Amino acid sequence: MTPYILQVESLSKRFGKVEAVVNATFNVARGEIFSIVGPSGSGKTTLLRCIGGIETPDEGIIVFNDRVLFDSKRGINIPPEARGMSYVPQTWALWPHMKVRDNIAFGLKMRGFPREEIDVRIREVSKALKIEELLDRYPWQLSGGQQQRVAVARALAPKPQLILFDEPLSNLDAALREEARVWLKNILKELNITALYVTHDIHEALFLSDRITFMYNGRIRAIETPENIYMRRDIPELAQLFGYNIIKAKVVDREKGLALIGRETLITCDNPHNVEGDALLVFAPSEIKIGYGSIKAKILRKSFVGGYFEYSLKLEDHVIRAVSETPLREGADTLIDISRCTITKA
């Protein structure tokens, strides 16, 4: 038996002339939380819906638990209800006229579970998610965080081997989202459930995931652990998702990692990637040292964000972001150091 519960090979999906997913290939291990991240329109939700059977791919193969669910060449396309997966949509899709216990039971009834087994599973998932006291309420009587737990409980009740999550936390406020990340990861790991998790929030993916795939323009550009994908600054679109500074430069000494910004600013990078000529300089706001160094910059704006300051700096014709605990005057000139940076292809 393969260690992978899900295998996707050369999967493609078009909507007219738009290539939503192009030749996607990846495997998901049993018990793994595998996230798909990317900006809006990158194809991540379409890919998820193809795996769940909600959308029909144009080409490719999907194998789940050693069973072929889709094969374009062999004409195999198992319907969504027969795939053995659960799906948690962005809107949670709870029935407003049903009590919580009936929302959780809905999928079990559709699958033909006996009443006694349904009652047992409702008790199990409601206890695991700490929503026992909510079972006789209606969704409109619940907070957003409580509704989100009910949606996850409904997905867990059939004891699926794979749950598909489509941005399930995006409707929560910031505080609830932080809390939900913790209990969601804990429950998935405690129950050893495999999850395919779509989100546009790269920091959410870093916290939750065992591995992350980055999609852009319908194509998978990288598949890495959270630690490794954070270091993939050679992909400008991914660096942009992390909020890194990205500015144009010209490499003047490849061996020394020396790059020219604008008319006169020279920067020596510790990670030059052997790029020549026109290039991009990529560095995190936290990697800029403010108040000393040899590079001249002007402080355009200063914002206190709790424990540190966020600055907008003018560096020649560029505006870059920096964070520091050092309080400096808005409008003042300063010196900075950005030797911790990556030079990559333009």
Side-chain angles (χ1 to χ4, degrees), residues 5 30-35 45 48 52 54 80-81 83-201 203-210:
I5 193 170
R30 298 175 189 276
E32 184 176 30
I33 302 176
F34 187 95
S35 290
T45 292
L48 190 79
I54 303 168
E81 64 273 13
R83 295 197 174 196
M85 305 172 183
S86 287
Y87 179 65
V88 180
Q90 182 177 355
T91 57
W92 308 328
L94 301 177
W95 297 103
H97 63 288
M98 292 183 182
K99 292 182 178 181
V100 167
R101 69 169 67 252
D102 296 318
N103 266 282
I104 296 173
F106 184 79
L108 299 173
K109 291 178 181 178
M110 294 294 291
R111 290 172 170 86
F113 281 78
R115 180 73 254 178
E116 297 78 11
E117 179 68 12
I118 291 175
D119 290 340
V120 168
R121 295 202 179 193
I122 290 174
R123 286 197 299 271
E124 289 176 348
V125 296
S126 62
K127 182 178 180 180
L129 290 165
K130 298 180 174 59
I131 56 171
E132 303 105 305
E133 74 281 3
L134 306 179
L135 291 177
D136 290 318
R137 298 187 194 178
Y138 291 95
W140 49 269
Q141 295 176 311
L142 308 179
S143 68
Q146 290 170 333
Q147 290 184 49
Q148 204 267 349
R149 286 180 183 249
V150 174
V152 173
R154 183 178 58 188
L156 290 172
K159 296 184 179 179
Q161 295 189 59
L162 175 65
I163 299 182
L164 309 176
F165 290 96
D166 187 5
E167 306 207 43
L169 308 184
S170 61
N171 289 331
L172 300 178
D173 62 40
L176 282 175
R177 194 158 56 243
E178 291 290 336
E179 178 185 322
R181 289 174 187 175
V182 175
W183 65 254
L184 182 58
K185 182 172 184 176
N186 287 343
I187 198 73
L188 291 174
K189 288 302 181 183
E190 285 171 11
L191 299 178
N192 195 35
I193 292 176
T194 309
L196 199 60
Y197 193 96
V198 161
T199 179
H200 66 277
D201 186 338
H203 299 288
E204 185 171 290
L206 289 174
F207 179 85
L208 286 168
S209 310
D210 296 299

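Since the structure is predicted, the reported quantities are computational estimates derived from the model, not experimental observations.
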Self-check item: Residues which pass side chain to side chain donor-acceptor pair (under 3.5 Å) with E124, listed by chain and number, not counting sequence neighbours
Solution: none
Exercise. Please list, chain by chain and in numerical order, all residues satisfying side chain to side chain donor-acceptor pair (under 3.5 Å) with D173, sequence neighbours excluded.
Key: none
Quiz item: Which atom names give the shortest non-hydrogen contact between I187 and A128, and what distance separates them?
Solution: CD1-CB, 3.6 Å
Self-check item: V152 and W183, any side-chain heavy atoms less than 4.5 Å apart
Solution: yes
Exercise. For residues Q161 and T194, report the shortest heavy-atom separation together with the two atoms involved.
Key: O-CB, 3.3 Å
Practice problem: Look only at the side chain of E117 and the backbone of P114, and say whether a donor-acceptor pair between them is shorter than 3.5 Å. | Solution: no
Practice problem: Locate the shortest heavy-atom distance separating L176 from G145; write the atom from each residue and the value. | Solution: CD1-N, 3.9 Å
Practice problem: Please report the C-alpha distance between D166 and Y87 in whole Å, then the side-chain angles of each, then the deciding distance to 0.1 Å, and finally whether the side-chain contact (heavy atoms from CB on, under 4.5 Å) criterion is met. | Solution: CA-CA 8 Å; D166 187 5; Y87 179 65; 3.5 Å; yes
Self-check item: Close side-chain approach of P158 to R111, heavy-atom, < 4.5 Å
Solution: yes
Quiz item: Would you say E132 and R123 make side-chain contact, with heavy atoms under 4.5 Å?
Solution: no
Self-check item: Spatial distance of atom CG (L156) from atom CD1 (I193) [nearest 0.5 Å]
Solution: 4.5 Å
Exercise. Answer yes or no: is there a donor N or O on one side and an acceptor on the other, between the side chain of D102 and the main chain of M98, under 3.5 Å?
Key: no
Quiz item: Under 3.5 Å, is there a donor-acceptor pair between the E204 and Y197 side chains?
Solution: yes
Quiz prompt | Atom pair CZ/NE2 of R177 and H203 - distance to nearest 0.5 Å | solution = 11.5 Å
Quiz item: How far apart are the C-alpha atoms of F165 and I163, what are their side-chain angles, what is the distance that settles it, and do they pass the side-chain contact (heavy atoms from CB on, under 4.5 Å) test?
Solution: CA-CA 6 Å; F165 290 96; I163 299 182; 3.4 Å; yes
Exercise. Over all heavy atoms of both residues, which pair between L172 and A180 is shortest? Give the atoms and the distance, please.
Key: CD1-CB, 3.9 Å
Exercise. Measure the shortest side-chain to side-chain distance between Y138 and V100 over non-hydrogen atoms and say whether it is less than 4.5 angstrom.
Key: no
Quiz item: Does the pair R115 and K109 meet the rule for a side-chain contact (heavy atoms from CB on, under 4.5 Å), with working shown?
Solution: CA-CA 8 Å; R115 180 73 254 178; K109 291 178 181 178; 3.7 Å; yes
Quiz item: Does the side chain of L94 reach to within under 4.5 Å of the side chain of Q147, using non-hydrogen atoms?
Solution: yes
Quiz item: With sequence neighbours excluded, what pairs up with F106 under the ring-ring contact (aromatic ring centres under 6.0 Å, His included) test?
Solution: W95
Exercise. Over all heavy atoms of both residues, which pair between A155 and S86 is shortest? Give the atoms and the distance, please.
Key: O-OG, 2.7 Å
Quiz prompt | Derivation of the salt bridge (charged side-chain N to carboxylate O under 4.0 Å, His left out) call for R121 and E116 | solution = CA-CA 9 Å; R121 295 202 179 193; E116 297 78 11; over 6 Å; no
Practice problem: Mind listing the closest non-hydrogen atom pair of A205 and S209 along with its distance? | Solution: O-OG, 2.6 Å
Exercise. Quick one: pull up CD1 in I131 and CZ in R137 and give me the separation to the nearest 0.5 Å.
Key: 11.0 Å
Quiz item: Hey, are D210 and K189 close enough for a salt bridge, meaning a charged N less than 4.0 Å from a carboxylate O?
Solution: yes
Exercise. Measure the CZ-CD distance between R30 and E32 for me, rounded to the nearest 0.5 Å.
Key: 12.0 Å
Quiz item: Hey, are the side chains of Q90 and S170 touching, using non-hydrogen atoms and a 4.5 Å cut-off?
Solution: yes
Quiz item: When rounded to the nearest 0.5 angstrom, what is the spacing between CG in L184 and CD in Q148?
Solution: 6.5 Å
Exercise. Quick one: pull up NZ in K185 and CD in E190 and give me the separation to the nearest 0.5 Å.
Key: 12.5 Å
Self-check item: Any side-chain donor near an acceptor of the partner, E167 and T199, under 3.5 Å
Solution: no
Quiz item: Are any non-hydrogen side-chain atoms of D136 and R101 less than 4.5 angstrom apart?
Solution: yes
Quiz item: Any side-chain heavy atom of L196 sitting closer than 4.5 Å to one from L48?
Solution: yes
